[in-house]
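Here's the structure we're looking at; comments come further down.
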Amino acid sequence: MATISAPSAPAPSYPAQVTGMDILARALKMVGIDTMYGLVGIPVTDFSYIAQSRGIRFVGFRHEQQAGMAAATHGYLTGKPAVLLTVSSLGFLNGLTATTNATVNCYPMIQISGSSVREPIDLDQGTYEGLDQLNAAKPFVKAAYRVNKPEDIPTAVVRAYRAAVSGRPGGVYLDVTTPCLGAIMNATDADKLFYEPVDLCPSAPPAPEAVKRAAALIASAKKPAILIGKGAAYARVEDQLKILVETTGIPYFPMSMAKGVLPDDGPLSALACRSTIMEEADVVVLVGARLNWLLSRGHGKWSADTKFVQLDIQPTEIDCNRPIAAPVVGDLNSSLNALLAELPQYKMNMDPAWVPSLQAQTKTKNAKFAARLAANAAAQPMDHWTALGAIKPVLEANPDVILVNEGANTLDDTRDAINMSLPRHRVDCATWAIMGMGMGSAIGAAVATGKSVVAVEGDSAFGFSGMDFSTICRFKLPVTVVIFNNGGIYNGVGVNLSGNGDPAPTTLDVKARYDKLGEAFGATSYYVTTPQELADALKEAIASKAPAMIDVQLAADSGKESGHIGYLNPEALEHITV
Ligand code: ADP
Ligand code: MG
């Protein structure tokens, strides 16, 4: 029997299609974003694969907050925002803490979070991981946008980027709904959506009369000082600052993360003379530093007569806490160039005794500090100063290692002990004085710069981010984590006044072996009890350019409550009767 075959029909042809996720990855690449830190799940998993396949580096974390700290540090160190990718609801909220912290610190970053379908959220009907994330984010970030349609993605990404880097940098939130991520478009239509944005971070030169006013005030000063903040480190104006200091002879004082913008041990460094500057300087030039709590109250008191020149990009920062005699509003690069061009037209009036008096004071203070380290050099078990005496020469011999630092005593004492000589090589808990940035910032610093990183962590501080040590190992990053273990928050000698046998609120684990945690993830790990062992381990770990963990055994009674900011802690314990 003859079979009748159906006439062969041509295969149907459909136009090539792309999803919202393709468009998002392409839009991010278009603005130059090359790194994404995050923790995936519904609805962003496929997006992470697509972005990775398109050449955006994806660094997967164990906690969103740390991924966010990494993105923030990446933005601070490179000036180019990285993306923090989070899932909806809790993942979004965990990441938002880091985006908020970035905003407080003026670091650019973009948090992109998947979010649920709009309708059940707007009608409050209850849906998978349902949360009105856009409105939750708004009060905490510099800018927040939601994108509902794939056609809007390229515009949304450009807006988010501009918001993150322009003016005062900060954290930006971009909410991308599940339907938008999964939406399908014809590829040819999608192609038409993309454009090369022009001048993503425009310069903002200051007004010439503001520069003249500032130059005249600086030139009139008898006892001037330049106060350098992390805004100057971010703006990469170390070359202009060097010229400013060398041509005027004005001494400088760096804020914590501005250490190294100019060398801490340079001849005009007044690092050890903070209180003298606050009490005696007649004109202080603030370069990318805010007159916030870190420069007032328990941190010293300015003389009522001190006049300020303030170079900042944010107009509302001016007169924020103190009247500013000469505001220079503009980007630091433009402002310093303008000031350097203007100053030669003025005659400086500096008191010839000012710099020598600061230098003499520096010498005395440095000798005192060295004596303190020497006096503790043999303490057994070690205290913070014993350990820092061992670390100091190793880190100072490796100036290109980025130092990440958090804790209470561990933060304050490390900042005081370790001199920095290169800009953007110190990353710490910054303006909010938070805990829980260590592993994320170390990872962000290593990924963004390719440099070696040493994170000096209090044991309590490490606890907030410790699990992301595994991320350091998985990505084989050249990061050494040094844990100062005194077994507690502040120290390990807290007493439970109830006598019920529970640990005191500040008590942690003085006998914990953090080196075993390092071993668990394949890092070279050390447990050290003497300064020599510590110095040897740190040298070896830095040289290895591989993940390393050093558990430094300190005495439980090393360290005091709240470190250097005990004055902020209301004291009530002595009034307690049990
Ligand atoms: P620190 O904690 O080191 O004192 P702050 O974070 O308090 O520094 O201050 C940094 C300041 O630098 C902020 O007021 C911010 O507006 C400013 N800033 C950041 N980037 C720039 C820039 N490119 N040009 C001018 N000012 C900047
Ligand atoms: Mg501790």
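Owing to the predicted nature of the structure, the values given are computational and were not obtained by experimental measurement. Side chains included, hydrogens not; waters and symmetry mates left out as well; all remaining heavy atoms used.
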Quick one: does [X]'s side chain have a donor or acceptor within less than 3.5 Å of a partner on [Y]'s backbone?
X      : Y      : result
Ser89  : Gly130 : no
Gln66  : Ala98  : no
Lys142 : Ala163 : yes
Asn186 : Thr188 : no
Arg162 : Asp199 : yes
Trp293 : Trp432 : no
Ser525 : Glu519 : yes
Thr103 : Gly171 : yes
Asn94  : Gln65  : no
Thr178 : Ser115 : yes

[X] vs [Y] side-chain heavy atoms within contact, under 4.5 Å:
X      : Y      : value
Ile110 : Thr99  : no
Leu395 : Val454 : yes
Lys138 : Tyr173 : no
Val147 : Asp175 : no
Met439 : Met69  : no
Thr410 : Val456 : yes
Asp400 : Ser452 : no
Pro169 : Tyr234 : yes

Would you compute the distance between atom [atom1] of [X] and atom [atom2] of [Y] and round it to the nearest 0.5 angstrom?
X      : Y      : atom1 : atom2 : value
Leu93  : Thr86  : CG    : OG1   : 9.0 Å
Leu411 : Phe484 : CG    : CZ    : 11.5 Å
Leu339 : Leu311 : CG    : CG    : 6.5 Å
Asn101 : Cys429 : CG    : SG    : 9.0 Å
Phe521 : Met467 : CZ    : CE    : 3.5 Å
Ile243 : Leu340 : CD1   : CG    : 6.0 Å

Q | Evaluation steps, side-chain hydrogen bond (donor to acceptor under 3.5 Å, both in side chains), between His63 and Asp468 | A | CA-CA 7 Å; His63 195 286; Asp468 269 301; 5.9 Å; no
Q. Would Arg26 and Asp191 satisfy salt bridge (charged side-chain N to carboxylate O under 4.0 Å, His left out), going step by step from the backbone distance to the final call?
A. CA-CA 10 Å; Arg26 194 167 150 192; Asp191 282 347; 2.7 Å; yes
Q: Show your reasoning for whether salt bridge (charged side-chain N to carboxylate O under 4.0 Å, His left out) applies to Asp132 and Arg146.
A: CA-CA 11 Å; Asp132 187 357; Arg146 173 182 291 134; 3.1 Å; yes
Q.
Going by salt bridge (Lys or Arg N to Asp or Glu O under 4.0 Å), name the residues that satisfy it together with Asp122, two or more places apart in sequence or in a different chain.
A.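 Asp122 satisfies salt bridge (Lys or Arg N to Asp or Glu O under 4.0 Å) with Arg118 only.
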Q: May I ask you to decide if the ring planes of Phe462 and Tyr514 are parallel, tilted or perpendicular, using 30° and 60° as cut-offs?
A: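 Perpendicular: the ring planes of Phe462 and Tyr514 meet at over 60°.
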Q. Between Asp264 and Lys259, does a salt bridge (charged side-chain N to carboxylate O under 4.0 Å, His left out) hold up when you go through it step by step?
A. CA-CA 6 Å; Asp264 281 354; Lys259 279 165 65 86; 3.0 Å; yes
Nearest heavy-atom pair of [X] and [Y]: which atoms, and what distance?
X      : Y      : value
Ala72  : Met109 : CB-SD, 3.8 Å
Thr449 : Ile402 : OG1-CD1, 3.6 Å
Asp331 : Pro205 : OD1-N, 3.9 Å
Val44  : Leu181 : CG1-CD1, 4.1 Å
Glu457 : Gly438 : OE2-CA, 3.2 Å
Met437 : Glu406 : N-OE1, 3.1 Å

Q) Are Ser256 and Arg415 close enough, and set up right, to give a side-chain hydrogen bond (donor to acceptor under 3.5 Å, both in side chains), and what steps lead you there? A) CA-CA 7 Å; Ser256 184; Arg415 185 201 297 118; 2.9 Å; yes
Q.
Tell me every residue that passes side chain to side chain contact (heavy atoms under 4.5 Å, CB included) with Glu342, counting only those two or more places apart in sequence or in another chain.
A.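 In terms of side chain to side chain contact (heavy atoms under 4.5 Å, CB included), with neighbours along the sequence ignored, Glu342 is linked to Val211, Lys212, Ala215, Gln345, Tyr346.
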Should we count [atom1] of [X] as having more than 12 external heavy atoms under 6.0 Å?
X      : atom1 : value
Lys242 : NZ    : no
Glu196 : CD    : no
Arg474 : CZ    : yes
Phe475 : CZ    : yes

Q: With sequence neighbours excluded, give me every side chain to side chain donor-acceptor pair (under 3.5 Å) pair touching residues 44-55.
A: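 Counting only pairs at least two positions apart or across chains, the side chain to side chain donor-acceptor pair (under 3.5 Å) contacts touching residues 44-55 are Asp22-Arg54.
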Q) Step by step, would you call Asn333 with Arg236 a side-chain hydrogen bond (donor to acceptor under 3.5 Å, both in side chains)? A) CA-CA 8 Å; Asn333 195 41; Arg236 301 176 169 254; over 6 Å; no
Q. Between Ile443 and Phe61, is a side chain to side chain contact (heavy atoms under 4.5 Å, CB included) present by the stated rule, with each step listed?
A. CA-CA 10 Å; Ile443 293 164; Phe61 275 68; 3.5 Å; yes
Q.
Check this for me, if you would: do Lys29 and Asp34 make a salt bridge, where the nitrogen-to-carboxylate-oxygen distance has to be below 4.0 angstrom?
A.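 No, Lys29 and Asp34 are not salt-bridged.
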Q.
Working note: Leu286 + Leu291, criterion side chain to side chain contact (heavy atoms under 4.5 Å, CB included); need CA distance, chi angles, decisive distance, verdict.
A. CA-CA 8 Å; Leu286 300 164; Leu291 280 181; 3.6 Å; yes
(Q) Set out, in order, the CA-CA distance, both residues' side-chain angles and the distance that settles side chain to side chain contact (heavy atoms under 4.5 Å, CB included) for Leu403 and Val401, then state yes or no. (A) CA-CA 6 Å; Leu403 175 60; Val401 165; 5.8 Å; no
Q: In sequence, state the C-alpha distance, the side-chain angles, and the governing distance for Phe92 and Val87, and then conclude on side chain to side chain contact (heavy atoms under 4.5 Å, CB included).
A: CA-CA 6 Å; Phe92 153 77; Val87 301; over 6 Å; no
